[in-house]
Amino acid sequence: MLPSFGILRPMKKLLNAPSDLVKEALAGMALAHPDLLRVHVDPAFLVRADAPVRGKVAVLSGGGSGHEPLHGGFVGRGMLDAACPGAVFTSPTPDQILEATRAVDGGAGVVHVVKNYTGDVMNFEMAGELARDMGISTETVLVNDDVAVQNSLYTAGRRGVGTTVLVEKICGAAAEAGRALADVAALGRRVNEHGRSMGIALTPCTVPHAGKPSFELGPDEMEVGIGIHGEPGRRRAKIESADRITEMLMEPVLDDLPFRAGKDVLLFVNGLGGTPLLELYVVFRKAHEIAAARGLRVVRSLVGPYITSLEMAGVSITLLEVDEEMVRYWDAPVHTAALRWGV
Amino acid sequence: MLPSFGILRPMKKLLNAPSDLVKEALAGMALAHPDLLRVHVDPAFLVRADAPVRGKVAVLSGGGSGHEPLHGGFVGRGMLDAACPGAVFTSPTPDQILEATRAVDGGAGVVHVVKNYTGDVMNFEMAGELARDMGISTETVLVNDDVAVQNSLYTAGRRGVGTTVLVEKICGAAAEAGRALADVAALGRRVNEHGRSMGIALTPCTVPHAGKPSFELGPDEMEVGIGIHGEPGRRRAKIESADRITEMLMEPVLDDLPFRAGKDVLLFVNGLGGTPLLELYVVFRKAHEIAAARGLRVVRSLVGPYITSLEMAGVSITLLEVDEEMVRYWDAPVHTAALRWGV
Amino acid sequence: MNGDAVARWIERAAGLIGDNEKYLTELDAAIGDSDHGANMARGFAAVRGKLAGHPRDDVGAILKTVGMTLLSTIGGASGPLYGTLFLEAAKVSAGKAELDRGAILQSLSAGLAGIQKRGKAEPLDKTMVDALGPAIRAFEGAEGVSLAEALGRAAEAARQGAEATIPIVARKGRASYLGERSAGHQDPGATSMWLLLRSLAEAAAE
Amino acid sequence: MNGDAVARWIERAAGLIGDNEKYLTELDAAIGDSDHGANMARGFAAVRGKLAGHPRDDVGAILKTVGMTLLSTIGGASGPLYGTLFLEAAKVSAGKAELDRGAILQSLSAGLAGIQKRGKAEPLDKTMVDALGPAIRAFEGAEGVSLAEALGRAAEAARQGAEATIPIVARKGRASYLGERSAGHQDPGATSMWLLLRSLAEAAAE
Ligand SMILES: Nc1ncnc2c1ncn2[C@@H]1O[C@H](COP(=O)(O)OP(=O)(O)O)[C@@H](O)[C@H]1O
Ligand SMILES: Nc1ncnc2c1ncn2[C@@H]1O[C@H](COP(=O)(O)OP(=O)(O)O)[C@@H](O)[C@H]1O
Ligand SMILES: [Mg+2]
Ligand SMILES: [Mg+2]
Ligand SMILES: [Mg+2]
Ligand SMILES: [Mg+2]
């Protein structure tokens with residue numbers, strides 16, 4: 001039996017029925033990480049094994065599936081209390097978010113980390129309204145760090161990409177340290193304000209339900225300014241060398257904040273899914289060189305596929321201007337499936 | 001400028017000159033993990049930041065590049081003291097291995113963890129002879145766990161694949177715990193004897209120097225019994241559902257040792273590079289179910305791309321029958337770029 | 001339209017959307033993320049299940065069930081928006097056994113207002129608003145014709161509105177990330193809105 | 001052959017292997033891991049660099065440099081094997097300003113023995129042994145002809161030996177993992193061995 005299921009061609013995927021993908025993956029996560037997390041089936045969400053933690057602010061995020069390890073891989077001590085996975089590339093629904101919010105509220109309120117996509121924003125908004133009706137305090141941290149998208153009041157605004165991982169880590173640590181709801185949310189917003197990202201794709205990805213690649217790229221083409229949903233980027237260009245591509249990503253990122261000489265930064269080189277680690281380190285090397293030439297001090301770094309777009313080949317670079325507090329919370333212990341240290 | 005460099009078509013890779021790939025990636029690793037490791041350029045190898053550790057047995061591995069995070073991503077406290085990366089899919093040379101051996105020898109000897117490929121075996125053999133000539137005690141642990149390959153005295157024998165990661169972790173922990181050279185090597189051999197693996201590929205990969213995919217697969221085809229070097233597998237088959245593929249991998253693995261009811265196992269579902277985490281968890285779920293139905297207790301698990309074949313889409317499953325000592329060393333603290341806990 | 005007619009409408013819509021799942025996904029692939037077809041099909045399949053055996057005496061109750069179900073099964077941008085459309089319409093028609101022309105107009109208008117409040121889209125932003133807005137105006141303007149004919153005109157206006165999104169540069173939703181590249185493609189949400197309204201017209205004509 | 005002739009050989013070999021890098025890699029793609037061309041080209045490019053300005057008075061010393069350089073630059077299976085070939089030949093010819101026919105035969109034979117000791121391959125295992133073995137036998141049997149002609153016959157035997165690997169099911173090296181599927185393809189290492197011996201014959205004929 002081919003995993004084509006009503007779609008004409010088989011896909012190069014390890015898949016049963018596309019409509020079961022997220023559910024089955026959650027079941028796999030529950031079996032692989034019983035010490036870390038618990039899975040709720042209907043509506044679908046993940047919570048850390050010891051949720052709710054009494055008196056602690058909870059941090060919750062969610063979004064379409066297909067970006068793993070984001071968000072489920074970040075559930076655990078020192079990071080997310082809950083994650084709400086939607087269908088592939090589809091924001092979760094208000095009832096998922098509401099139930100997860102209720103499941104993790106320890107009486108100190110819940111921070112919703114929301115990537116700025118119309119669907120995510122609206123679903124979280126509705127869930128937040130319902131939660132407040134039930135007497136749960138919630139705060140929203142909206143992540144919108146993608147410099148490939150023009151920021152404007154008249155559009156959906158910038159997308160939330162790589163900085164999301166950093167917001168989740170830092171807010172999670174602050175919550176674990178006993179900080180109050182408003183503080184955790186303010187810190188998350190500060191991280192978002194100081195983070196900028198941009199990405200390119202060398203290949204498209206295939207949404208299982210769609211059964212064919214989201215766009216077509218010639219053998220010598222890449223998409224510049226790609227997001228994480230298989231949507232086309234801002235423009236198409238000829239593939240260039242890794243060094244040149246790194247420059248093409250670093251320049252708009254550096255100029256946007258702008259990042260000024262003498263500042264401390266966290267440099268995050270993220271794989272979009274199908275790009276080998278070897279290549280990510282080649283990009284990291286050049287990005288580090290460019291940052292240093294700009295007078296920035298790279299005090300922390302992260303290299304790997306942390307916010308992906310299924311099997312898409314490509315890379316995004318996130319630069320976060322850090323202060324002492326952010327570094328402290330970045331360094332704080334974390335124990336999740338995808339990010340772990342100090343414990 | 002396209003990264004085609006004498007090759008006619010550009011590749012979907014983040015690459016400068018193919019001949020600089022490994023060198024540049026090592027430079028990136030050094031910049032990203034200054035607290036963890038140091039890079040030696042000529043000959044090329046990585047050592048943990050505090051090498052040599054006086055009085056401790058050192059654990060060293062190496063092999064062709066293109067399998068990242070293996071081996072460089074496992075250098076650090078509690079795992080490898082050194083890694084020797086060859087060119088992509090090409091074993092390192094004796095001088096690399098010799099120099100790395102000298103750099104990490106703390107007086108208690110050095111264990112070489114060698115995947116069973118003719119090239120790796122011969123290069124490590126020559127390096128071992130040279131090291132012994134210099135008065136350094138070395139022991140070799142040969143990993144040959146791939147049940148897709150017929151084991152025979154008259155051939156090159158089985159390949160070393162997924163169990164390598166487990167041998168490196170467990171030997172590294174034993175060395176860190178102060179165990180003697182012979183003990184660490186004996187433990188490594190015991191892990192190898194109790195580990196079995198098998199993999200399938202849904203897509204080929206492209207060696208940068210070659211510039212085109214190592215083999216061609218039809219849109220509905222997969223290679224069964226794939227290794228990690230882009231070499232074709234044992235046979236070609238039609239793509240099947242994730243559950244069926246998992247059965248096709250688990251059955252030969254389970255039957256080979258054979259794994260008997262009542263035993264404790266570590267279940268390792270490994271991505272070959274281009275397969276999303278979401279799909280790996282779908283496979284883990286089914287593999288766990290099959291193991292449980294066989295009466296095995298999955299006491300530890302690992303899910304992710306840890307021993308890869310560039311951007312190849314596919315999965316391998318490794319099952320290790322563990323004893324109390326292996327579990328203890330598996331759980332011991334480890335601090336490397338790719339595997340970290342307890343510290 | 002009574003409860004039976006509304007249920008027939010939703011049944012037809014589920015069928016039409018299911019038949020066009022691939023088409024909607026292809027539209028979304030061009031300027032979005034290739035999930036609109038799957039999202040709508042999942043939502044309407046769930047609604048179909050919920051309406052089987054649902055009491056038919058209160059149109060508002062039916063519409064509320066539809067809205068709640070879409071809200072909790074579609075997700076994405078279209079989930080809250082289609083959910084809101086039906087929930088707002090349900091408020092207007094709560095307790096009614098039948099909707100006359102005025103009530104239908106009120107319901108659709110309340111739905112549109114809800115969509116615009118939730119999504120902040122203006123006409124010509126290249127969204128589902130560009131199908132629903134013209135449809136409501138056509139329905140309102142269709143005086144002196146039968147209800148079925150008026151709804152037929154509304155559906156036709158929705159079709160034209162959806163088509164008219166082609167040259168627009170998107171300012172809302174995921175398509176806005178493409179900037180100028182979003183021009184030249186029909187908006188998926190406007191297209192599914194047309195299918196929904198076509199089903200309504202067909203149900204009324206039955 | 002004196003030191004100059006040996007240096008010319010290696011120079012020619014580097015050129016021929018460089019020209020055939022892609023071909024060797026393609027052979028390796030079929031039954032191996034697509035790196036044999038790059039491996040050999042990298043090794044011989046390094047050797048070329050090392051031999052520029054190398055003293056020519058001691059053939060053994062030249063061969064030793066070649067062997068050490070190949071050993072430390074090729075890697076993979078072919079690195080230790082080609083390295084061993086030259087290192088064993090170097091031992092036999094150490095201190096000699098010139099190799100006569102007997103010394104050449106001795107050197108090649110010592111090289112083959114080294115390769116077989118290191119790699120444990122028997123004839124017809126589908127390896128470089130299947131080119132070198134027949135070449136040595138042809139060279140030994142070519143009595144009453146010039147050195148250049150005798151080496152020409154050796155190269156031709158190597159070519160035939162490489163071709164004869166096509167139907168063989170591999171029992172050594174990476175190709176053995178393919179089992180029956182390895183039949184029908186020419187062994188890359190046997191092919192590079194033929195190129196090496198062809199260069200030797202050409203250098204002798206110059
Ligand atoms: N702000 C908005 N207001 C109204 N409709 C919108 C808005 N944003 C998006 N849409 C509609 O939603 C459709 C996309 O729905 P869908 O693909 O299901 O969700 P997503 O964009 O989250 O993947 C668009 O084609 C558009 O018609
Ligand atoms: N055991 C062996 N004895 C002799 N030659 C061998 C042996 N194993 C492999 N070879 C030769 O090495 C060649 C492959 O070399 P190469 O591709 O450079 O190394 P690798 O197989 O490690 O990728 C084979 O074609 C074969 O001729
Ligand atoms: Mg979506
Ligand atoms: Mg190789
Ligand atoms: Mg969409
Ligand atoms: Mg090879």
Side-chain angles (χ1 to χ4, degrees), chain A residues 6-8 18-19 43 63-64 66 84 86-96 98 117-127 146 148-150 152 154-159 204-216 225-236 309, chain C residues 18 21-22 24-43 45-46 68-84 87 114-115 117-122 125-127 169-182 185 189:
Chain A
I7 293 150
L8 286 177
S19 50
C84 300
V88 171
F89 295 167
T90 302
S91 345
T93 59
D95 57 317
Q96 280 177 273
L98 175 65
Y117 300 95
T118 306
D120 294 71
V121 169
M122 292 190 298
N123 284 287
F124 269 96
E125 222 168 61
M126 295 181 95
D146 188 346
V149 173
Q150 270 156 0
S152 152
Y154 307 104
T155 65
R158 283 180 163 174
R159 297 176 289 216
C205 59
T206 298
V207 176
H209 258 111
K212 59 181 188 185
S214 303
F215 52 88
E216 305 272 343
I226 196 78
I228 51 168
H229 294 87
E231 69 270 43
R234 288 289 288 189
R235 66 187 175 88
R236 191 154 292 192
S309 187
Chain C
E21 174 178 344
K22 235 183 125 179
L24 293 174
T25 288
E26 268 164 23
L27 292 178
D28 199 29
I31 54 171
D33 58 352
S34 308
D35 64 352
H36 190 58
N39 291 347
M40 295 298 291
R42 185 175 56 244
M68 290 302 292
T69 306
L70 294 180
L71 199 59
S72 67
T73 54
I74 296 187
S78 43
L81 295 172
Y82 277 110
T84 297
L87 290 178
I115 287 176
K117 189 167 173 221
R118 180 62 63 196
K120 318 246 163 18
E122 296 296 322
D125 279 353
K126 197 176 186 118
T127 70
V169 172
R171 300 210 301 177
K172 279 289 181 299
R174 201 173 289 285
S176 69
Y177 306 140
L178 276 94
E180 301 291 331
R181 284 175 92 185
S182 63
H185 302 277

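Chain A is the first sequence line, chain B the second, and so forth, proteins listed ahead of strands; every chain is numbered from 1. A quick note: this is a predicted structure, and the numbers were derived from the prediction, not measured.
With a 4.5 Å cut-off on side-chain heavy atoms, His185(C) and Leu27(C) do not count as touching. Residues Tyr117(A) and Ile228(A) have side chains in contact (heavy-atom distance under 4.5 Å, counting atoms from C-beta outward). Here the side chains of Met40(C) and Tyr82(C) are in contact, with some heavy-atom distance below 4.5 Å.
Interface summary for chain C: among Pro92(A), Pro204(A), Ser91(A), the most heavy-atom pairs under 4.5 angstrom belong to Ser91(A). No other option in Gly86(A), Pro94(A), Gly227(A) has as many heavy-atom pairs under 4.5 Å with chain C as Pro94(A). Note on Arg171(C), Glu122(C), Lys120(C), Glu21(C): by heavy-atom pairs under 4.5 Å with chain A, the leading option is Arg171(C). Of the listed residues (Ser19(A), Ala87(A), Pro43(A), Ser214(A)), the greatest number of heavy-atom pairs within a distance under 4.5 Å of chain C belongs to Ser214(A). Ranked by heavy-atom pairs shorter than 4.5 Å toward chain C, the options Gly119(A), Gly225(A), Gly63(A), Gly64(A) are led by Gly119(A). Of the listed residues (Asp120(A), Val121(A), Val207(A)), the one with the most heavy-atom contacts under 4.5 Å to chain C is Val207(A). Counting heavy-atom pairs under 4.5 Å between each of Ser72(C), Ser34(C), Gly75(C) and chain A puts Ser72(C) at the top. Counting heavy-atom pairs under 4.5 Å between each of Pro80(C), Ala175(C), Gly32(C) and chain A puts Pro80(C) at the top. Put simply, of Ile31(C), Asp28(C), Leu71(C), Leu81(C), the one with the most heavy-atom pairs under 4.5 Å next to chain A is Leu71(C).
In terms of heavy atoms, Ala46(C) sits closest to Thr73(C) at CB-CG2, 3.7 Å. When all heavy atoms of Ser182(C) and Ala170(C) are compared, the pair lying nearest together is OG-N, 2.9 Å. Of all the heavy atoms in Gly230(A) and Phe89(A), the pair that sits closest is N-CE1, 3.9 Å.
Only the side chain of Asp95(A) has a heavy atom closer than 4.5 Å to any heavy atom of chain C. The contact between Arg118(C) and chain A is made by backbone and side chain atoms together, counting heavy-atom distances below 4.5 Å. Residue contact with chain A, scored on non-hydrogen atoms closer than 4.5 Å, involves the side chain of Glu26(C) exclusively. Proximity to chain A is absent for every atom of Glu180(C), based on heavy atoms less than 4.5 angstrom apart. Of the two parts of Ala30(C), only the backbone, made up of N, CA, C and O, holds a non-hydrogen atom closer than 4.5 Å to a non-hydrogen atom of chain A. When heavy atoms are compared at a cutoff of 4.5 Å, Thr25(C) approaches chain A solely by way of its side chain, counted from C-beta outward. Within the 4.5 angstrom heavy-atom criterion, only backbone atoms of Val88(A) (N, CA, C, O) approach chain C. Neither the backbone nor the side chain of Phe215(A) comes within contact range of chain C, judged by heavy atoms closer than 4.5 Å. Only the side chain of Thr84(C) comes within contact range of chain A, judged by heavy atoms closer than 4.5 Å.
With sequence neighbours excluded, the residues that form a side-chain hydrogen bond (donor to acceptor under 3.5 Å, both in side chains) with Asn39(C) are Thr90(A), Asp35(C), Arg42(C). Remark: Ala148(A) pairs with Asp146(A), Arg159(A), Met198(A), Arg234(A) by the side chain to side chain contact (heavy atoms under 4.5 Å, CB included) rule, at least two apart or across chains.
Separation of atoms NE2 (His229(A)) and SG (Cys205(A)) is listed at 10.0 Å; rounding is to 0.5 Å. Rounding to the nearest 0.5 angstrom, the gap separating the OG1 atom in Thr93(A) from the CZ atom in Phe124(A) is 10.5 Å.
No donor-acceptor distance shorter than 3.5 angstrom exists from the side chain of Arg235(A) to the backbone of Arg181(C), with no hydrogens or angles considered.
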